[in-house]
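As structure tokens, the structure follows; a few thoughts come after it.
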Amino acid sequence: MAYQLTDKFGRDITYLRLSVTDRCDLRCTYCMAENMTFLPRRDLLSFEELDFLCEAFVQRGVRKIRLTGGEPLVRKGLLPFIQKLSRHLSTGALDEITLTTNATQLHRFAGQLVDAGVRRINVSLDSLDRDVFKHLSRRDALDQVLGGIEAGLEAGLKIKINAVALKNGNAQEIPDMMRWAHGLGMDMTLIEVMPMGEIAQDRFDQYLPLSEVREQLEGEFTLVDTPLRTGGPARYVKVEQTGGILGFITPLTNNFCAGCNRVRVTCTGQIYMCLGQDDRVDLRAAIRSEDPLSALNAALDKAMINKPEAHDFNIKNPGSAPAVARHMSVTGG
Ligand code: SAM
Ligand code: SF4
């Protein structure tokens, strides 16, 4: 193995979150505007380039790759790409290939994902009520998503449900969603809305601190803290009544940066060292240079030097501008 990716604060980077497209078949209100302008296809890294990139990361100590987007399953050719990538699982160089999906297309791909070595995925779902789902995602796709989840579970995928907690959206529904997820053997994680990208709405009106949600849940359930850590922002509790695990991702009320083990790469090959900062390094230029591997390793070294200690999120004031200009769909969260 080449030298491990380690940033200047001594954090080893072992987790790559790779966005394979900025496109999506939903338009979740906290994530995108209805009339998003997507990138021209020529700007995207090809699957050959993505494979080259992943191999370089694996050689430098990345053990887990999460494919995300936009919606990863809407990019044509994703399955053959994952099948090829799975060689790193066979050699033991990678521990895990996983993805984050909205599950609208999961019914088509669940079996093939399992065959390619994918064992666990995250599914984003903010409501089990058809009208609320339609309102939040601007698409009437709840049945399709539930069908995808069913197909995933049947194929043997372990699924974690991710829900963004929204003040005027799903706040009342969270206990029922948790019961539903845990009842089907799925863990669930709640996410605070983050100020990323212009969305034609004020996130102040959407923001619901998870401390409030936790308090509400504690009126009904016994939440027992667990030491479970994934090197990321989530903190987990076990819910005594359901036996399931509930996670809280609280970038705004808690700072989670000290143990950060991850970087994010966009579908155009920009590496963002922090979800909450705009600083990036262009890996596509390196990959398309005359000596791609040396240039890529040099660019990764630069990224390690530039990785900031902590994010800069703040959503306290009505009307405040997003903390970062890009949308979550650019880096995939
Ligand atoms: N389309 C896929 C999905 O929805 O699972 C993958 C990409 S999506 C950008 C990844 C996650 O980011 C989803 O769970 C979504 O709810 C979350 N997300 C998007 N915008 C967000 C924001 N502004 N604040 C917090 N979470 C956000
Ligand atoms: Fe699409 Fe995911 Fe963003 Fe929703 S959160 S619009 S599903 S990328």
Side-chain angles (χ1 to χ4, degrees), residues 17-36 38-39 66-75 78 98-106 109 120-127 133-139 141-142 144-145 148-149 152 159-167 169-170 177 181 187-210 213 232-234 247-253 256 262 264-267 272 275-276 311 313-315 320-333:
R17 298 173 71 112
L18 179 61
S19 172
V20 295
T21 177
D22 64 327
R23 286 166 198 258
C24 188
D25 51 355
L26 301 183
R27 291 288 183 281
C28 303
T29 48
Y30 51 81
C31 178
M32 292 188 185
E34 169 67 81
N35 55 346
M36 285 287 284
F38 294 113
L39 294 163
R66 177 178 300 278
L67 303 175
T68 174
E71 174 47 41
L73 292 177
V74 302
R75 180 155 177 191
L78 186 76
T98 182
L99 74 164
T100 299
T101 173
N102 63 25
T104 57
Q105 309 300 317
L106 190 55
F109 297 113
R120 304 189 299 173
I121 61 170
N122 290 351
V123 169
S124 307
L125 174 62
D126 301 323
S127 176
F133 182 97
K134 189 173 163 188
H135 175 71
L136 292 177
S137 69
R138 301 196 186 98
R139 299 290 183 269
L142 179 63
Q144 216 175 314
V145 169
I149 291 172
I159 297 181
K160 179 159 77 72
I161 298 293
N162 283 344
V164 177
L166 297 159
K167 187 160 53 181
N170 58 5
M177 285 190 72
D187 293 343
M188 179 164 160
T189 294
L190 298 170
I191 306 173
E192 276 176 353
V193 75
M194 298 176 222
M196 300 184 65
E198 291 293 347
I199 52 165
Q201 291 188 14
D202 191 339
R203 285 204 179 79
F204 182 78
D205 299 330
Q206 303 176 330
Y207 174 53
L208 174 63
L210 289 186
V213 178
F248 294 90
I249 300 189
T250 55
L252 300 162
T253 47
F256 50 74
R262 60 202 57 196
R264 297 169 168 85
V265 175
T266 70
C267 56
Y272 284 89
L275 183 62
H311 70 70
F313 284 137
N314 174 16
I315 205 165
S320 53
V324 295
R326 68 183 192 280
H327 292 88
M328 186 74 101
S329 54
V330 172
T331 43

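Both counts, for ligands and for their atoms, begin at 1 and track the order of listing.
- Note on atom 3 (Fe) of ligand 2: protein N/O/S atoms under 2.8 Å are Cys31 SG.
- Applying the 4.0 Å criterion to heavy atoms of Glu192 picks out, from ligand 1, the atoms 25 (C).
- When atom types are taken as modelled, the side chain of Arg139 and the backbone of Leu136 share no donor-acceptor pair closer than 3.5 angstrom.
- Closest to atom 1 (N) of ligand 1 by heavy atom, among Gly70, Cys24, Gly69, is Gly70.
- Below 4.0 Å from some heavy atom of Asn102 lie the following atoms of ligand 1, by number and element: 2 (C), 3 (C), 5 (O).
- Only backbone heavy atoms of Thr101 (N, CA, C or O) come within less than 4.0 Å of ligand 1; its side chain stays farther off.
- Which parts of ligand 1 touch Val193 is read off a 4.0 Å heavy-atom cut-off, strictly below it: atoms 24 (N), 25 (C).
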Evaluation steps, side chain to side chain donor-acceptor pair (under 3.5 Å), between Ser127 and Asn170: CA-CA 6 Å; Ser127 176; Asn170 58 5; over 6 Å; no

Test side chain to side chain donor-acceptor pair (under 3.5 Å) applied to Arg66 and Thr100, step by step: CA-CA 7 Å; Arg66 177 178 300 278; Thr100 299; 3.1 Å; yes

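- The closest donor-acceptor contact from the side chain of Asn162 to the backbone of Val123 lies at 3.5 Å or more, if one exists at all.
- Using modelled atom types, one side-chain atom of Thr98 and one backbone atom of Arg120 make a donor-acceptor pair closer than 3.5 Å.
- With sequence neighbours left out, the side chain to side chain contact (heavy atoms under 4.5 Å, CB included) criterion links Ala181 to Ile161, Met186, Met188.
- With ligand atoms numbered from 1 in the order given, ligand 1 contributes 6 (C), 7 (C) to contacts under 4.0 Å with heavy atoms of Thr68.
- Proximity of Val164 to ligand 1, defined as any heavy-atom pair under 4.0 Å, is confined to the side chain (atoms from C-beta onward).
- Short contacts between ligand 1 and Cys31, defined as distances under 4.0 Å to a heavy atom of the residue, involve ligand atoms 19 (C), 20 (N).
- Proximity of a side-chain donor or acceptor of Arg17 to a complementary backbone N or O of Arg264 within less than 3.5 Å is not detected.
- Judged as a side chain to side chain contact (heavy atoms under 4.5 Å, CB included), and not counting sequence neighbours, the contacts of Thr21 are Arg23, Val74, Arg75.
- Between the side chains of Thr101 and Glu71, a donor-acceptor pair is found at a separation under 3.5 Å.
- With sequence neighbours excluded, the residues that form a side chain to side chain contact (heavy atoms under 4.5 Å, CB included) with Asp22 are Phe38, Leu39, Cys267.
- Taking distance alone, with nitrogen or oxygen atoms compared against 3.5 Å, Tyr30 approaches ligand 1 more closely than that limit.
- In this comparison of Ser124, Ala165, Ala163, the heavy atom closest to atom 5 (O) of ligand 1 sits on Ser124.
- Between the Arg27 side chain and the Ser137 main chain, no donor and acceptor come within less than 3.5 Å of each other.
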